[in-house]
Amino acid sequence: MHKTTNKSSQANKEYAMTINNQTVFDADRAHVFHSWSIQSALKPLIIKSGLGSYLWDYEGKRYLDFSSQLINTNVGHQHPKVIAGIKTQLDTLTTIAPATANHARNEAAERLLAIAGDDFAKVFFTNAGADANENAIRMARLYTGRDKVLSSYRSYHGNTGAAIAATGDTRRVPNEYSRGHVHFFSPYLYRSDFWATDEAQECERGLQHLRRVIEAEGASSIAAILLEALPGTAGVLVPPSGYMQGVRQLCDEFGIVLIMDEVMAGFGRTGKWFAHQHYNITPDLITFAKGVNSGYVPAGGVIIHQKINAYFDDKSFPGGLTYSGHPLAMASIVATLDVMAQEHMIENADTIGNGVLAQGLKALADKHTIIGEVRGMGVFWALELVKNRHSKQKLSADEMNTIKAALIERGLLPFIAENRIHVAPPCNVSTDEVAQALAIVDEVLGMACTQFINE
């Protein structure tokens, strides 16, 4: 047995020595089908490992991750306390059917309810944000006895049936198989659909537009409004003062369930546990994923208001998932939420994000006319890039790809969406890391100004 183990260990070491950037790339291109992509055009970045705000490849090149991957590694990469929590759970219970009760799931639910507040009763766990939104929509339809779901054109809610149909961006178009989805325009003052000249007008006219959509669709047919607490992929669109409160009032007036999608904006990203807490409103359902455990194990869910929970006390909920409340995912949630509290990451996201990061991004806008607008809060920002500040003409996909490549070449991983650089470091980012990232962005935008500006 000992000799066999030694041989196996030696074989593993020899195999590991053959792994490098090229072998990983070749295997990926030979065997892996990527999402949202033309397969033959792919040149994926090679990553071996990471720690904190950094990642590196097999050749030792290091990258500062200011995308938090898909805006989900809120505690950074390979946090030792989260890894330890998962390892401890591995020794206790690796998996169990969701119909059973287990301690890890209870602990995760209790922590989430403590964050959400006293109005919420229970948590339904899913595998990700998309199926969290699917099940929240199902709950709202059953609770109201209505069918339609309203959501913003400027949104992303996931890639499953109802979630992608609820999504507003154009990725929904080839995937519109689900029924009963209606879209409206949410606020975006920089490119206002309401001819607004200030935030007050954008808010008032946006709410009037939503009211008219509700009335035109028939309020008695609408089960829910599904809204990102701070739209992320659509552009980090901070709602104008009063807008979220106005949506809550419309839902109350017409008996509509308000679902807050906190998948991307939640868990410290905006400097609070949930982004909707900035607006002092209480949703009826909260969907979550991503930052709840920094994506270390796939997990998501729905936090359920007392009144909706009470509805299902004597009625069956027709939904479930094999891995709902998976013990490893639950342990990662518990460890993540605990370490975020212990290490004051929410406060750090607020002070650094709304301090040196915000100030640095605004200074870049003063310096580089390619930046049309800077917007965001906490560690969740967007730089909207334009060829001309007067016309607001967007940079093309090819131009944005040039900028992305230049950032990566200099060791910064950005989140690029349309004509925007989204700036979203981990919640425990340091001032030194912010300074390093800003210096790289400054250099690249200086280059881009000379190439792409048309003024």
Can you tell me which residue among T126, N135, D131, N133 is in a side-chain hydrogen bond (donor to acceptor under 3.5 Å, both in side chains) with T287? N133

Is [X] reaching over with its side chain to a backbone N or O of [Y], donor-acceptor style, under 3.5 angstrom?
| X | Y | result |
| --- | --- | --- |
| S221 | E217 | yes |
| N419 | L385 | yes |
| R269 | F274 | no |
| S68 | A424 | yes |
| K61 | E409 | yes |
| H326 | P298 | no |
| S67 | D65 | no |
| E262 | A275 | yes |
| R141 | A223 | no |
| R410 | V444 | no |

On a heavy-atom basis, which atom in [X] and which in [Y] lie closest, and how many Å separate them?
| X | Y | answer |
| --- | --- | --- |
| V75 | S294 | N-OG, 2.9 Å |
| V292 | L337 | O-CD2, 3.8 Å |
| G246 | L207 | C-CD2, 3.6 Å |
| G325 | M330 | O-CG, 3.4 Å |
| F66 | L412 | CB-CD1, 3.9 Å |
| K404 | P414 | CG-CG, 4.1 Å |

Do [X] and [Y] make a side-chain contact, defined as non-hydrogen atoms from C-beta onward lying under 4.5 Å apart?
| X | Y | answer |
| --- | --- | --- |
| P426 | N74 | no |
| L258 | V247 | yes |
| H77 | Q69 | yes |
| V434 | I352 | yes |
| L237 | L230 | no |
| Y153 | D169 | no |
| F120 | I304 | no |
| H157 | S151 | yes |

In terms of side-chain heavy atoms, does [X] have a donor or acceptor partner in [Y] at a distance below 3.5 Å?
| X | Y | answer |
| --- | --- | --- |
| Q201 | T197 | yes |
| H305 | D284 | no |
| T402 | E399 | no |
| E433 | S53 | yes |
| D442 | H368 | yes |
| D28 | H34 | yes |
| D398 | S396 | no |
| T336 | N293 | no |
| R205 | S192 | no |

Hey, mind stepping through L70 and T233 against side-chain contact (heavy atoms from CB on, under 4.5 Å) and telling me if it holds? CA-CA 9 Å; L70 290 176; T233 304; over 6 Å; no

Distance in Å, [X] [atom1] paired with [Y] [atom2], rounded so as to fall on 0.5 Å steps:
| X | Y | atom1 | atom2 | result |
| --- | --- | --- | --- | --- |
| L395 | I403 | CG | CD1 | 5.0 Å |
| Q249 | I281 | CD | CD1 | 10.0 Å |
| Q277 | T282 | CD | OG1 | 9.0 Å |
| C203 | Q245 | SG | CD | 8.0 Å |
| I256 | L150 | CD1 | CG | 6.5 Å |
| L226 | H183 | CG | NE2 | 9.0 Å |

Test: D252 and R248 ion pair at under 4.0 Å: yes

Can R154 and D193 be counted as an ion pair, charged N to O under 4.0 angstrom? yes

Applying ring pair (Phe, Tyr, Trp, His ring centres under 6.0 Å) as the test, list every pair that has at least one member in residues 186-208; sequence neighbours left out. F194-H209

Mind jotting down which residue pairs meet the ring pair (Phe, Tyr, Trp, His ring centres under 6.0 Å) criterion with at least one end in residues 395-436? Sequence neighbours excluded, please. F415-H422

Apply side-chain contact (heavy atoms from CB on, under 4.5 Å) to the pair W56 and Y63, showing each step before the final yes or no. CA-CA 6 Å; W56 52 87; Y63 300 94; 5.6 Å; no

Run the side-chain contact (heavy atoms from CB on, under 4.5 Å) test on W381 and V236 for me, step by step, so that the C-alpha distance in whole Å, both residues' side-chain angles and the decisive distance to 0.1 Å come before the verdict. CA-CA 6 Å; W381 292 84; V236 192; 5.6 Å; no

When R420, R191, K392, K394 are each screened for salt bridge (charged side-chain N to carboxylate O under 4.0 Å, His left out) with E384, the one that passes is R191

Can you tell me if [atom1] on [X] sees more than 12 non-hydrogen neighbours from other groups inside 6.0 Å?
| X | atom1 | answer |
| --- | --- | --- |
| D198 | CG | yes |
| Y323 | OH | no |
| K307 | NZ | yes |

Run the side-chain contact (heavy atoms from CB on, under 4.5 Å) check on L413 and L45 step by step: do they pass? CA-CA 10 Å; L413 291 187; L45 188 68; 3.3 Å; yes

Salt bridge (Lys or Arg N to Asp or Glu O under 4.0 Å) pairs, two or more places apart, involving residues 330-351: K81-E343, R111-D338

Test ring-ring contact (aromatic ring centres under 6.0 Å, His included) on F317 and F124; report intermediate values, then the result. CA-CA 11 Å; F317 176 65; F124 177 76; 5.5 Å; yes

